[in-house]
Amino acid sequence: MKLREIYKEENSPVISFEFFPPKDDTDGTKTAALLSEISLLKKYNPALVSLTHGAGGSDTNRGIEIIRQIHTNLNINVMPHFTCIRSTIQEVDERLDLLNNIGIENILALRGDIPQDKNFCFQDFRYASELVGYIKNKSDFSIAVAGYPDGHIESPDLKTDIENLKRKVDAGADVIYTQLFFENNKFYNFKEKLQNAGITIPVAAGIMPVVSTKQINKILSDIKVKIPQKLLEKIEKFENNPDDIKKAGIEFAAAQYADLTAQKVDGIHFYTLNKSDAVSKILDNN
Ligand code: FAD
């Protein structure tokens, strides 16, 4: 089913889960573990599972095989992420063909982060909006794009970032998936600003349960996101007790989820970090 049909008002909030393919997997055990985690979340009837794509594009064949297995063996609608920062038009065409051949209907079109080694960057695509326009003209895929309630890390301000998000929408995007955030008000303000900018397509809210200090430190080094004082205090208080940090992180995300659901947002996209248990606890208790 395509994004346009999935994100109808009567389906809200649409639930989706994000996973990433293992970096290496010579004997297939990591892929089997990934598929097992995904299948544990099937009982929550996700509208789709999304699978990330390295900005280098080197994982194409293995990534496609995992996408095929989620789609065919688990029978779950899967939306591959598709980065373009290092891709040529020919490579994009090849990947689109591979995805089309295995029956994929939806793509999350992204630029990808600028790597330290800028070799082969910006060959045929500079921004995600160019990839969206290219896929839209070339194919029948339904297209999602990324949005940033805290602003994208390279953007001078949120207003400019939303102007650039509008380019992706005007190029043919059907749905926006947001970067993870911890303050729901930030998401509601973002939605209002999108409306004011004439962006009316559905927006799926990205949430992620904090499960460890290592994870939160990694996030803070990668993206622009504010952690509320309330959550920070808990993380600091339980610094030496991993179980309590996880419990506090799940409780926080569960409250976020309950509030977003009550506000009837279009969709809730869970960043699972390839583990089903934290997300299961949130969904079981709501
Ligand atoms: P763009 O929309 O191209 O924006 C990049 C920057 O350029 C922004 O600051 C924007 O404001 C600016 N900009 C855009 N257009 C213009 C223009 N015409 N003129 C001037 N400035 C412009 N990364 C991965 O590598 N793999 C993944 O699988 C992945 N999945 C993600 C999923 C989600 C839901 C999100 C939110 C992010 C994901 N990312 C992923 C991270 C993403 O690739 C990075 O945030 C990247 O830096 C920007 O990608 P984008 O598609 O938003 O780029």
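Only this structure's heavy atoms are used, side chains among them; waters, hydrogens and symmetry mates stay out. Note that the coordinates shown come from a computational prediction; the quantities given were computed from them, not determined experimentally. Numbering of ligands and ligand atoms starts at 1, following listing order.
Contact atoms of ligand 1 toward Tyr177: 34 (C) (distance under 4.0 Å to a heavy atom of the residue). Atoms of ligand 1 found under 4.0 Å from any heavy atom of Arg167, numbered from 1 in the order shown, are 17 (C), 18 (N). Numbered from 1 in the order shown, with element, the atoms of ligand 1 that lie under 4.0 Å from a heavy atom of Thr52 read 28 (O). Heavy-atom proximity to Ser155, at under 4.0 Å, picks out these atoms of ligand 1: 9 (O), 11 (O).
Looking only at protein heavy atoms, the nearest one to atom 8 (C) of ligand 1 is His152 ND1, 3.2 Å. Atom 51 (O) of ligand 1 has its closest protein heavy atom at Arg111 N, 2.8 Å. Shortest contact from atom 45 (O) of ligand 1 to any protein heavy atom: Tyr148 OH, 2.8 Å. From the protein, the heavy atom lying nearest to atom 3 (O) of ligand 1 is Ala128 N, 2.8 Å. Counting protein heavy atoms only, atom 11 (O) of ligand 1 is closest to Asp161 OD1, 2.7 Å. Of all protein heavy atoms, the one lying nearest to atom 35 (C) of ligand 1 is Ala146 CB, 3.7 Å. When hydrogens are left out, the protein atom nearest atom 46 (C) of ligand 1 is Asp113 OD1, 3.3 Å; that is the closest non-hydrogen contact. Looking from atom 32 (C) of ligand 1 to the surrounding protein, the closest heavy atom is His81 CE1, 3.6 Å.
Taking only nitrogen or oxygen atoms, main chain and side chain alike, Gly112 reaches within less than 3.5 Å of ligand 1. For ligand 1, the polar-atom distance check against Leu110 finds no nitrogen or oxygen pair separated by under 3.5 Å. Among the atoms of His53, some N or O lies under 3.5 angstrom from an N or O of ligand 1.
Proximity of a side-chain donor or acceptor of Glu105 to a complementary backbone N or O of Phe141 within less than 3.5 Å is not detected. Side-chain atoms of Glu18 never come within 3.5 Å of backbone atoms of Phe270 as a donor-acceptor pair (strictly under, hydrogens ignored). With hydrogens and angles disregarded, a donor-acceptor distance shorter than 3.5 Å links the side chain of Ser280 to the backbone of Ser276. Panel note: side chain Asp25, backbone Thr31; a donor-acceptor pair is recorded below 3.5 Å.
More than 12 heavy-atom neighbours from other residues, nucleotides or ligands sit within 6.0 angstrom of NZ on Lys2. By the neighbour-count criterion of 12 heavy atoms within 6.0 Å, atom NZ of Lys275 is sparsely surrounded, having that number or fewer from other residues, nucleotides or ligands. Annotation for Glu10: atom CD counts as buried by contact number, over 12 foreign heavy atoms lying within 6.0 Å. Phe120 CZ: 12 or fewer foreign heavy atoms inside a 6.0 Å radius.
Ion pairing between a basic and an acidic side chain is recognised when a charged N comes within 4.0 Å of a carboxylate O; Asp150 and Lys224 show no such pairing.
When ring centroids are compared, Phe190 and Tyr148 stay outside the 6.0 Å threshold.
By the criterion of a heavy-atom distance under 4.0 Å, the side chain of Thr83, and not its backbone, is placed next to ligand 1. Neither the backbone nor the side chain of Arg126 has a heavy atom within less than 4.0 Å of ligand 1. Of the heavy atoms in His269, none comes closer than 4.0 Å to ligand 1.
Protein non-hydrogen atoms do reach within 4.0 Å of atom 26 (N) of ligand 1.
Cation-pi check for Arg167 over Tyr127 is not met; the charged atom does not lie both under 6.0 angstrom from the ring centroid and within 45 degrees of its normal.
Once rounded to the nearest 0.5 Å, the distance linking OG1 of Thr88 with CD of Gln123 reads 6.0 Å.
The heavy atom nearest to atom 21 (N) of ligand 1, out of those in Val145, Asn164, Thr178, is found in Asn164.
In this structure, Tyr271 has a heavy atom closer than 4.0 Å to ligand 1. Ligand 1 does not have Phe20 within reach: every non-hydrogen atom of the residue lies 4.0 Å or more from it.
Note: the hydrophobic cluster containing Val132 also contains Phe125 (ILVMFWY, side chain heavy atoms under 4.5 Å, direct or indirect links).
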